[in-house]
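In what follows, every chain begins at residue 1, and chains take the letters A, B, ... in the order their sequences are listed.
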2 protein chains.
Amino acid sequence: MENEQIKQAGLKVTAPRVKILSILERSGKRHMSAEDVYKELLSQDEEIGLATVYRVLTQFEGAGLVCRRHFESGQSVFELNSGEHHDHLVCIKCGAVVEFLDPTIETRQKRIAAEHHFKIEDHSLVVYGLCPECQGKR
Amino acid sequence: MENEQIKQAGLKVTAPRVKILSILERSGKRHMSAEDVYKELLSQDEEIGLATVYRVLTQFEGAGLVCRRHFESGQSVFELNSGEHHDHLVCIKCGAVVEFLDPTIETRQKRIAAEHHFKIEDHSLVVYGLCPECQGKR
DNA sequence: GGACAAGATGCGAAAGATTTTCAGTTTTCC
DNA sequence: GGAAAACTGAAAATCTTTCGCATCTTGTCC
């Protein structure tokens, strides 16, 4: 139940939060922008402001419930935190996103950071390209 | 000479373009935001608007002279295109940027894209962490 | 169940980054 | 040298995200 997750995150259980979390969980898309979530709320006749959507998503991020990603498109997208870190393959035409995980790459990253004496906090690997469906179209 | 590069990019040789390209080449930093370039112009008493800086940088990008990167900090940074693709290690504290190139990672990316039938156009790998200098500070 | 304080929300305004508009100017090309 | 095409600065417009603040809810205590 959403309520539990919110409570455990140390946040009060309020209608907007439950609603937003539920949308993230039920919507087919794994990655949604604040705007996407807002539109979905509107289509469900919910009286929730865009500012609240941002606020809630930011809180969820802080609580570790979701991750914020900045693909090169101007806006941030949020995805439910599945525990496992992973990287993304993004279609530059239709926006489709495929997640993947590659241990080899992870390992190399650690090594490279170590060589430069960096202490890794996070990383982001995004491969942009055309998905199978979009390669045909022009 | 900057003039040649601009001409070869199919752009007319104008004062703002020459000036901006020259700043990118001479400034110590490899990565500059539009704002950085603008400030540099101001400090040289150049009458060039911020809009022009954006326009010119975008044209340079289209012409392949520079690359635009979106690190997770709100604004885009531009760097001269050195021909070689490379990835970045960014300090989340001081903003320092170290470039690196890792063939193994590149190879894995290609393979992963192929597995998902994606046609790679571009990719971006950014590792965020603390640089050696910032690890000591708290 | 009711009162309260802390915390949330909604709305409009604001901020920050980037883009567009527009009228005037500069380049290019012949 | 002159016309067409491309370019420019300034201001206005966009777009995404955040803030200020008055109002409403939630969680807690009696």
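In this structure, the nucleotide among D:dT8, C:dA8, C:dT28 sitting nearest to the side chain of A:R17 is C:dA8. With C:dA8, D:dT8, C:dC11 as the choices, the nucleotide that has an atom nearest any side-chain atom of A:E47 turns out to be C:dC11. Relative to the side chain of B:A51, the nucleotides D:dT17, C:dT19, D:dT8 differ in distance, and C:dT19 lies closest. For A:K12, whose side chain is taken as the heavy atoms from C-beta onward, the closest listed nucleotide among D:dT25, C:dT20, D:dT17 is D:dT25.
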**Report entry** Audit row: A:E99, A:H31, side-chain hydrogen bond (donor to acceptor under 3.5 Å, both in side chains) steps and yes/no
**Finding:** CA-CA 10 Å; A:E99 300 177 348; A:H31 304 77; 3.2 Å; yes
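Side-chain atoms of A:E46 never come within 3.5 Å of backbone atoms of A:A15 as a donor-acceptor pair (strictly under, hydrogens ignored). A donor-acceptor contact shorter than 3.5 Å links the side chain of A:Q135 to the backbone of A:L130.
Base contact: A:T52 has a heavy atom under 4.0 Å from a base atom. Within the nucleic acid shown, A:S33 has no heavy atom closer than 4.0 Å to any nucleic acid atom. Within 4.0 Å of A:I48, counting heavy atoms only, lie sugar-phosphate atoms of the nucleic acid but no base atom.
Nearest-nucleotide positions on DNA chain D place B:G10 closer to the 5' end than the other of B:L50 and B:G10. Map A:Q75 and B:V56 each onto its nearest nucleotide of DNA chain D; the residue landing nearer the 5' end is B:V56.
To the nearest angstrom, C1' of C:dA8 lies 18 Å from NZ of A:K19. A straight line from CD of A:E72 to C1' of C:dT18 spans 15 Å, rounded to a whole angstrom. If you take CG of B:L57 and P of D:dC7, they are 15 Å apart, rounded to a whole angstrom. The interatomic distance linking A:Y38 (OH) with D:dC15 (C1') rounds to 15 Å, in whole Å. Atom P of nucleotide D:dG20 and atom CZ of A:R55 are separated by 11 Å, given to the nearest angstrom. One can place CD of A:E46 at 19 Å from P of C:dA8, the figure rounded to the nearest angstrom. Here the P atom of nucleotide C:dA15 and the CD atom of B:E35 are 15 Å apart, to the nearest Å. Atoms CG (B:L11) and P (D:dC7) sit 6 Å apart, rounded to a whole Å.
B:I105 places a side-chain heavy atom less than 4.5 Å from the side chain of A:I112.
In terms of phosphate contacts, B:T14 brings a side-chain nitrogen or oxygen within less than 4.0 Å of OP1 or OP2 of D:dT8. Under 4.0 angstrom from either OP1 or OP2 of C:dT18 there lies at least one side-chain N or O belonging to B:Y54. Regarding contacts with the backbone of D:dT17, every side-chain N or O of A:T58 stays at 4.0 angstrom or more from both OP1 and OP2.
With 3.5 Å as the limit, one finds a donor-acceptor pair spanning the side chains of A:T52 and A:R55.
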